[in-house]
Amino acid sequence: MMLRGGLRDGTAEDVVQDVMLAVWHKAGQFDPHRADAAGWIYGIARNRRIDMARRRPLAQPDEMPELESQEPDADQIIALQQEARHLAEALARLAPEQVEALRAAYFDDVPHSRISEMTGLPLGTIKSRIRLGLERLRHELKKIAP
Amino acid sequence: MTAIRHHIPDDMLDAYRAGTLPHAFGVVVAAHLSLCDQCRARHEAADMIGGAFLLGAEGANLRADARDRMMASLEAPAPKPPPRASGPFPSAVMNELGGRPPHWRMLGGGIRQQILTTDREGSLRLLYIPPGKAVPEHGHSGQELTLVLQGSFSDSAGAFHRGDVEVAHDEIDHQPVAGPGEPCICLAATDAPLRFRALIPRLLQPIFRI
Ligand SMILES: [Zn+2]
């Protein structure tokens, strides 16, 4: 695939477009009322990464039922996009070690025990950093969108 | 419908998301996520945080290496979609059943079971308990995760209805009793064979695989 390797740093829009192309057969299932595009894409990538490493594919929850109304609800879609933007802003306001703790837990999806092995920090410290990071994130989110 | 009161613990949801949970437990988590809006929201909110990092949370653009890594994982073939949910069984359970209705084995006292999968990491079974009947008393060597799919049961830890999960550890000796009304159907994952105290002598346990 052309997309692989030697990529320059891209904009958010590039990434979303590239990934939508890569998962075009699933793109019909994307519902902008229920998820922001980046989170949805991240979830697909996370599952694929796990399945490559496992003997059996990860059991998946049911697909969410289709919404009753076929009419797109612009307000709801915009509200969700705004929420995602606020989340990114709130993350940008955290202290670097909190960002790193959240990145390991929520982006790299490394089990806490592995983070502990890699960093040499006790498991309790890792967990409290992640918890603290989440609390700060919640706090910043409230300031951005009370 | 009763609201779900008993949820997947944080550590277990994290392990599911990281792909490190044994298969039997992963099926129970996926089945709970299919029934529980609250845990589904926790799960999807976590993906949303992942998505924020994907877009470059620090306000910068996404780093090329992170993007490469993600694109590489998307090149893996898509798994074939599991069968649809049917009756009380979410899609993850139907997948274990091979898309067919359960094929019960009688355990005595009207209790039925079907073993869905068993390996060194754990086993997964469906249990069918008639109203008012007790599941034979058993201690656990290890951890057990039980999800109610139909009806209800109660034990010393409380009452469990459709969608509720009970996490039991080895120190607990519990005797769940099915509630009135519909027969209770549960999905139970264990990371070690159960030690039944009654009904079937322990010697026979490997044969009956319960
Ligand atoms: Zn739940």
Side-chain angles (χ1 to χ4, degrees), chain A residues 1 3-12 14-16 18-19 22-23 25-26 34-64 83-84 87-89 91-92 99 102-103 105-107 109-112 114 137, chain B residues 11 14-21 23 26-35 40 43-82 84-85 90-93 95-96 117:
Chain A
M1 197 183 247
L3 294 164
R4 188 173 188 174
L7 288 172
R8 279 168 295 123
D9 288 2
T11 63
D14 288 343
V15 173
V16 170
D18 287 353
V19 176
V23 293
H25 55 280
K26 275 206 91 165
R34 292 201 50 256
D36 81 295
W40 182 77
I41 286 165
Y42 175 75
I44 291 174
R46 180 178 53 73
N47 280 315
R48 296 276 183 91
R49 194 164 67 226
I50 291 170
D51 287 350
M52 280 194 284
R54 281 171 68 102
R55 197 166 51 84
R56 286 202 259 190
L58 187 67
Q60 293 298 325
D62 292 0
E63 296 285 350
M64 297 300 271
E83 210 178 7
L87 180 66
E89 279 173 41
L91 269 173
V99 174
L102 291 180
R103 182 196 290 278
Y106 288 95
F107 185 63
D109 269 309
V110 181
H112 299 172
R114 278 277 319 282
L137 189 59
Chain B
D11 283 5
D14 290 343
Y16 170 77
R17 294 179 49 77
T20 55
L21 207 57
H23 181 72
V27 175
V28 182
V29 171
H32 179 80
L33 291 176
S34 304
L35 304 176
R40 185 74 174 236
H43 177 53
E44 287 179 3
D47 275 347
M48 204 162 157
I49 299 180
F53 278 110
L54 191 64
L55 297 185
E58 296 88 334
N61 290 337
L62 181 70
R63 293 208 318 267
D65 58 336
R67 189 173 164 211
D68 273 352
R69 196 177 55 125
M70 199 195 65
M71 294 310 294
S73 60
L74 287 172
E75 281 182 44
K80 103 176 173 315
R84 300 177 75 87
S91 148
V93 179
N95 196 35
E96 297 300 313
T117 166

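Chain naming here is simple, since letters A, B, ... match the order of the sequence lines and numbering starts at 1 in each. Since the structure is predicted, the reported quantities are computational estimates derived from the model, not experimental observations.
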Item to check | Among B/Ala46, B/Ala45, B/Ala31, B/Ala15, residue most engaged with chain A (heavy-atom pairs, under 4.5 Å) | outcome: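 Looking at each option in turn, the highest pair count goes to B/Ala46.
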
Less than 4.5 Å to any heavy atom of chain A: does that hold for the side chain of [X], its backbone, both, or neither?
| X | answer |
| --- | --- |
| B/His43 | side chain |
| B/Asp14 | side chain |
| B/Pro90 | both |

Next on the checklist: I need the minimum non-hydrogen distance between A/Val99 and A/Leu91, along with the two atoms involved.
Outcome noted: CG2-O, 3.6 Å

Checklist outcome for this item: Pair count under 4.5 Å, heavy atoms only, with chain B: among A/Leu87, A/Asp62, A/Ile50, highest is A/Asp62

Checklist entry - Most heavy-atom pairs under 4.5 angstrom with chain B, which of A/Ala84, A/Gly43, A/Ala105, A/Pro61? => result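 Counting heavy-atom pairs under 4.5 Å, the top option is A/Pro61.
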
Item to check | Any A/Gln60 side-chain heavy atom under 4.5 Å of B/Leu33 side chain | outcome: no

Next on the checklist: Using side-chain heavy atoms (C-beta onward) and a distance below 4.5 Å, is B/Tyr16 in contact with A/Leu58?
Outcome noted: yes

Next on the checklist: Taking A/Tyr106's backbone N and O only, do any of them form a donor-acceptor pair with A/Tyr42's side chain (distance below 3.5 Å, no angle check)?
Outcome noted: yes

Item to check | Contact origin within A/Leu102 toward chain B - heavy atom pairs under 4.5 Å | outcome: both

Next on the checklist: Tell me every residue that passes salt bridge (charged side-chain N to carboxylate O under 4.0 Å, His left out) with B/Arg84, counting only those two or more places apart in sequence or in another chain.
Outcome noted: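 Salt bridge (charged side-chain N to carboxylate O under 4.0 Å, His left out) list for B/Arg84, sorted by chain: empty.
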
Item to check | Qualifying residues under side-chain contact (heavy atoms from CB on, under 4.5 Å), relative to B/Ala92, sequence neighbours excluded | outcome: A/Ala59, B/Val27, B/Ala30

